[in-house]
Each structure stands twice: as C-alpha cells, then as structure tokens.
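Inspection log for the structure reproduced underneath, given as structure tokens.
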There are 2 protein chains.
Amino acid sequence: MRLTEKGIAAALKHHGYKLTPQRRVVIGAITASPDHLTPADIYRKVHKEHPNIGLTTIYRTLEILASLELICELHAGGSGRSYTIGAPEHHHHIICSSCGAVVDFSSYDISPLEAKLSRETGFEIEGHLLEFTGRCRRCRQNA
Amino acid sequence: MRLTEKGIAAALKHHGYKLTPQRRVVIGAITASPDHLTPADIYRKVHKEHPNIGLTTIYRTLEILASLELICELHAGGSGRSYTIGAPEHHHHIICSSCGAVVDFSSYDISPLEAKLSRETGFEIEGHLLEFTGRCRRCRQNA
DNA sequence: TCTCTAAATGAAAATGATTATCATTTATAT
DNA sequence: ATATAAATGATAATCATTTTCATTTAGAGA
C-alpha cells in the first residue's frame, strides 16, 4: 500500500506546511510514477505542463517530503539521489535496473538481525539501508 | 579479515594496472584508516606528505579499486560517496554515525531472502545493499 | 470577503563535487 | 637502456545542489 496524493497533501498541511500549487504538482508527479525519480527527472516531467515551476522549488519540496517520510530516498543503482513514493508502513525496495520500476516489500523484519549485530559488535543500531536491484518480470520477458 | 596494502597492490598489478607511487599512497591511506573516507578526505590525508598528488588521481584510483572490489563504497549516512577498505569475503557494514568507524560483518547470509523475494515479485535479483548505522561501543561510553 | 504576515517561490549566483582534456611524465616489458 | 602505453597533474568544463534575495502568495484571523 502506497501513499496517495491526497494523503500526502493532508500530511503536509497537518505538519504546518502550506499546500501550494507547486507542491501539489510535485506530489502528483511522484505518486503518478512507479519509478524512482531524481529532482531533474521531476523537473522534466512537470515542466511541460507547468513551465513556471523552478528546480529549486522541486529540491525544497522533496526535502520536506523526505523529512516527513512521505517519500523514500533510494541509494542502490544510480549515483545521484532519487526518490519514490512512500508508504504507511516500514518497508524496503527492489529496483529494476532496466526500467527503474520500484517494488516495495515489507515481508521482512530486520530487527532480529539488528539485535544480533548489537550483541556481537557493541553498536547501538540507529538505522539501516536494505535495497535490492534486479530485473523485473516484464523486463525479463522483453529480453 | 580485511585486505592488506600488499594484497591490494598485488591485485592491482595482477589486473594489469601499474603500481605508481601515487596509487601506493592512496592504498596506504585507505588501509590505514578504520573509517569511511571521501575522495576529499583522502586528499587531505595524503596532501601533507605528498603535496604533488592531485585530487583527480585520487578519484581515478578509487574508481579502479572499487571496480576490482578492493574497496567498498558506502551509502548510509553522508550524502557524498565514501569508501572503506575491502575484504576477501562478501560482507556488510555497520557505520558509526558519531566517529565514522566502519565494522564489517559477514555473519548474515542474504540469499534466502533473495530467493523469497524473487519468488514473490518475479524479479531476478542482481545485487543488494545492506548497511547499518549506529553508535559504536566507544562512542556510547564517551557520551 | 478582506487584510496581513510568515512562508514560499523563482531567478540568479554561488558552491561543491566530479569528470574531461591534454601536454608531460613514468612504470614496466623488452 | 629504450620504447610505449599508461598514468599523472593542472586546468577547465560540467553537473548537482544550495544560497541569496526580491517578489508573490496561502491561509489565518478580522
């Protein structure tokens, strides 16, 4: 289950941010895409319909959305930063290296591993990064 | 078990790369540090003793070392790219968010999870990213 | 609905990281 | 010792991201 455009808009307001037309457009672009998008990707996507939206605004909006965990930052694959739509529950991502599609999975609980590592290394675990890359079913069939 | 300066130098030669003084210095800086280092970090470290080594050379050397998997690229934490010394076996990393120390762990086999995901999602898994951040024992005790 | 104000925007410049270029130097095979 | 392809360093070019600041605007309250 992924967050919806309406849900994200409501969460923004709930946290005291203004719901500007520009922010609506950025949120719309992210919720409409199954892929991971860089700030430049989003700029290109929205620039046709909304040529007045600046890249700076996109950066600022993405930063807010990420800080509220309404979108997820991805690390695997490309070198630059990219984002995908968030979800209500904690989850991880599989990214298709061919088409860029992102699939969530929440069927894995990482906390036992965290506990084990904490015991073995003396670290107090604060966070983790777990992502997979691969080729999605469709891309495999098209090959 | 981590790779040694000698082992990395030998591997470089084995793959047909020349073992220049500059590369030796970069390799030395990485093997000498328990932390993750950005290209700029390494430049600062080596610049005192070897002011003639350019940042460009450091970038080029890091790229080669990473492509041969003699060093590991880290993603968690900082935004820029950073590296740490490699190891002979596949492993993952825990990074101290306070002091930057990197601890390896290889006590976790991710392949059952990969198989499960492949079955559930139809993806052919190609790679993964698994890192933890936390506070190491020493930093916790100093706090 | 109107007004006000803090927040948000966009354009531009500044910054910072990374890559490309190219003339010069050098590690190593012979 | 020599030849040569590879590597280097200085510089410039590129690209992503952040800062700045004057202007605009969403939304709270009258």
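Fair warning: this is a prediction, and the values are worked out from it, not measured in the lab.
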Side chain [X], main chain [Y], donor-acceptor under 3.5 Å:
| X | Y | value |
| --- | --- | --- |
| A/Thr61 | A/Arg23 | no |
| A/Thr57 | A/Ile53 | no |
| B/Thr38 | B/Asp41 | yes |

Output field: ring centroids A/His75/A/His93 closer than 6.0 Å: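 When the ring centroids of A/His75 and A/His93 are compared, they turn out to be at least 6.0 Å apart.
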B/Lys13 vs C/dT28: side-chain N/O to OP1/OP2 distance below 4.0 Å: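 B/Lys13 to C/dT28 OP1/OP2: side-chain N or O found under 4.0 Å.
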Nearest-angstrom distance from the residue atom [atom1] of [X] to [atom2] of [N]:
| X | N | atom1 | atom2 | answer |
| --- | --- | --- | --- | --- |
| A/His15 | C/dA8 | NE2 | P | 14 Å |
| A/Leu19 | C/dA7 | CG | C1' | 13 Å |
| B/His50 | D/dA7 | NE2 | C1' | 17 Å |
| A/Tyr17 | C/dA6 | OH | P | 18 Å |
| A/His14 | D/dA26 | NE2 | C1' | 19 Å |
| A/Lys18 | C/dT5 | NZ | P | 13 Å |
| B/Arg24 | C/dT26 | CZ | P | 16 Å |
| A/Tyr43 | D/dT17 | OH | C1' | 15 Å |

Check: A/His128/B/Glu131 side-chain N/O donor and acceptor closer than 3.5 Å: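 Looking only at side-chain atoms, B/Glu131 and A/His128 do not form any donor-acceptor pair under 3.5 Å.
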Distance, nearest 0.5 Å, that separates CD of A/Glu69 from CG of A/Leu3: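 Result: 10.5 Å between the selected atoms.
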Sugar-phosphate or base contact per nucleotide [nucleotides 10-20 of chain C; S, B, -; heavy atom under 4.0 Å]: BBB----SSBB
